[in-house]
Number of protein chains: 4
Amino acid sequence: MFAAQGYRATTVRKIADAAGMLAGSLYYHFDSKESMLDEILATFLDELRSRYDAVLAAGLGPRETIEALVTESFREIDRHRAAVAIYQKESPHLRTQPRFGYLTASQRKFEKAWLGTLERGVAAKVFRADLDIRLTYRFVRDTVWVAASWYRPGGQHGPEEIARQYLSTVLEGIAVRD
Amino acid sequence: MFAAQGYRATTVRKIADAAGMLAGSLYYHFDSKESMLDEILATFLDELRSRYDAVLAAGLGPRETIEALVTESFREIDRHRAAVAIYQKESPHLRTQPRFGYLTASQRKFEKAWLGTLERGVAAKVFRADLDIRLTYRFVRDTVWVAASWYRPGGQHGPEEIARQYLSTVLEGIAVRD
Amino acid sequence: MFAAQGYRATTVRKIADAAGMLAGSLYYHFDSKESMLDEILATFLDELRSRYDAVLAAGLGPRETIEALVTESFREIDRHRAAVAIYQKESPHLRTQPRFGYLTASQRKFEKAWLGTLERGVAAKVFRADLDIRLTYRFVRDTVWVAASWYRPGGQHGPEEIARQYLSTVLEGIAVRD
Amino acid sequence: MFAAQGYRATTVRKIADAAGMLAGSLYYHFDSKESMLDEILATFLDELRSRYDAVLAAGLGPRETIEALVTESFREIDRHRAAVAIYQKESPHLRTQPRFGYLTASQRKFEKAWLGTLERGVAAKVFRADLDIRLTYRFVRDTVWVAASWYRPGGQHGPEEIARQYLSTVLEGIAVRD
DNA sequence: CATGAATGAGATTTCATTCAT
DNA sequence: AATGAATGAAATCTCATTCAT
């Protein structure tokens, strides 16, 4: 519900209705609406971190690492679409609250993983040297995550197929080669 | 403020504080909070539509049309970053309200422009034939707009430079060619 | 907990926490929060009444009766500090509820004991004739009971010593005699 | 209402009803229920402090200073009975909250005024040397303030008369002199 | 004798909006 | 064009209590 309507627009009453209980009863399980959000985001980021760590620990080349990171990201969207969408929509302003400081911490960690891999690729002459690394990172990151806003699990394309198409675009370009 | 904190989270009082007046005084200028949002979005979409129309009317080739659309989009972000961010964040659920039905109408128009150009490019063998057109459209559209969330006017890169970098990525790919 | 934080501010959950059980479990032992309060107050007043009765039955002179009543009161504070504090803090508004009507009944009984003794003392020329008996009663009663708010059992002075000091103050005055 | 029914038992709805407005309207004037309590207590303590300061600055002898402090206290009860009653009832547990830390600060200041005067009196042989100063201070302080629980402005005795009677009791004692 | 999960009433607070001045 | 004081609906949260297990 947070993903579909936004955190603020989702009332605890609506959540309780959907859960088949009264609004007050939710407070037996969570001590605030914010705690629900927190649990969703923290769980998501924890899982994502461990997936990324596994990829980085595999010792792949830069191109293969990018491919694996992209694929894992689309898989994460497939598994926890709502969490990703919430993260996308709410994290920019949540970040300013102390309670959600870990959002910034996570983001920095992920940024390092992506940037490092791109740099490694440029050094190994696997990626073009004339591109702004930081800008490329942002394009790649955004395109991957923003997919959470339209991706529907069980739809026409699975996460691996979407990752393949996306990687093809970003690695080879959409222009026909001379 | 809508862009930074979200429409729901931005109270009329906060807006009034920032405007140096009391909450009630805003109602002399707008008849509701929703009207402010409406004015922001409608103005933005009007302007964007006319820019896109100008591009499409210029009779360019498919690749040049894509380049022009992307460049105009980044320019729009440069001019009205907040409006774009609001559009990105709020339009999915605003769309369901009759008052904001024009969001869907606009989106359809834009979609047609992008899809049509991509198709034209494939037919003209300017773009690769093995791409999922619809998926490619989504990738391109989202990456362009989501830039509103990190772009800062007056920063290191102007909109044209960002467009150039982005187009280079998406057209040629980031992989080094053999 | 009722004494420290007030009856209203003490939640059933806090009581249960302190008792090492869950809130619902308390209801095996008491049928309501109010019952706990009731038991505390009724027990306290019962005991106090029997102590006062014993003093009054002893047939002492007015001065000795006052001394004994004061001493018994401080002893009661020593034994049941919390109950006295609760009585002080909550009885004024509890009194209005039918269930706690016995608070008024008790108070009247105690008042009669004190007033009667003071009057007897004035008649016997043991106490000054120029005093407002009712005002004196209130001063004495309040000062004794309010001691529950600062008295700590096991502190520097025991209840008998405090009673002695207080009686010296109220009987002889604090001014040096010429 | 806080004085009569206790802070917790007084709902904002009841306050609003008494004020002839809706509950939400109170929040135009106060930002929380706690703020109302805060304003009552802070105002009361401020005024009391300035009255006590005036007495102490007058350079009276110890007995006259005690007489003046007692009289000012009863006058304060006469003027702001409710504030005094709230202070009596709520300050012990409010003190633990940072926001109400000034309660402890005030109390220490007042304590110093009373204790200092009593010590001065003992040194000047105006007050008996055989009494525990600290205990005497508590008796005097409590008796004065607890009067707020039964005093009714406009009743039989004005504040000066009550102060006179009380001072007679505590200075000369209630026992007839031999 | 205690738990775990609820209920339901009501508490405080928020907030867009109104309106006389 | 703005203020100051409300309204009223609804939001989040609290809490005594219930009850099957």
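Note on naming: letters A, B, ... go to the chains in the order of the sequence lines (proteins, then strands), and numbering restarts at 1 for each one.
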For atom [atom1] of [X] and atom [atom2] of [N], their distance in whole Å:
X: D:L26; N: F:dT7; atom1: CG; atom2: C1'; result: 12 Å
X: B:F2; N: E:dA16; atom1: CZ; atom2: C1'; result: 12 Å
X: C:F30; N: F:dT18; atom1: CZ; atom2: P; result: 15 Å
X: D:M1; N: E:dA11; atom1: CE; atom2: C1'; result: 14 Å

- Query: How does protein contact run along nucleotides 8-15 of chain F, one letter per nucleotide 5' to 3', with B for base contact, S for sugar-phosphate only, - for none, heavy atoms under 4.0 Å?
  - Reply: B--SSBBS
- Query: Which dot-bracket string fits DNA chain F when only Watson-Crick or G-U wobble pairs with both atom distances under 3.5 Å count, crossing pairs get [ ], and | stands for a partner on a different strand?
  - Reply: .||||||||||||||||||||
- Query: Can a donor-acceptor pair be found between the side chains of B:D46 and B:Y102 at a distance below 3.5 Å?
  - Reply: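 No, no side-chain donor-acceptor contact under 3.5 Å.
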Contact check, side chains of [X] and [Y], non-hydrogen atoms, under 4.5 Å:
X: A:S149; Y: A:Q88; answer: no
X: B:L103; Y: B:Y87; answer: yes
X: A:H29; Y: A:M36; answer: no

- Item | Within 45° cone and under 6.0 Å: D:K33 NZ/CZ vs D:Y7 ring |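 Yes.
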- Query: For E:dG4, does either OP1 or OP2 sit under 4.0 Å from a side-chain N or O belonging to A:H29?
  - Reply: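 Answer is no, no contact under 4.0 Å.
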- Task: Report yes if a side-chain nitrogen or oxygen of D:Y28 is closer than 4.0 Å to either non-bridging phosphate oxygen (OP1 or OP2) of F:dA6; otherwise report no.
- Result: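 So the side-chain polar atoms of D:Y28 never come under 4.0 Å of the phosphate oxygens OP1 or OP2 of F:dA6.
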- Check step by step if side chain to side chain contact (heavy atoms under 4.5 Å, CB included) holds for C:R8 and C:E90. CA-CA 10 Å; C:R8 289 297 277 249; C:E90 313 290 350; 5.8 Å; no
- Task: Examine distances only and state if a side-chain atom of B:R81 and a backbone atom of B:A148 form a donor-acceptor pair shorter than 3.5 Å.
- Result: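 Yes; at least one donor-acceptor contact below 3.5 Å.
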- Item | Pairs meeting criterion side-chain hydrogen bond (donor to acceptor under 3.5 Å, both in side chains) with involvement of residues 9-28 of chain A, two or more places apart |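 Applying side-chain hydrogen bond (donor to acceptor under 3.5 Å, both in side chains) to every pair that reaches into residues 9-28 of chain A, excluding sequence neighbours, yields A:Q5-A:K14.
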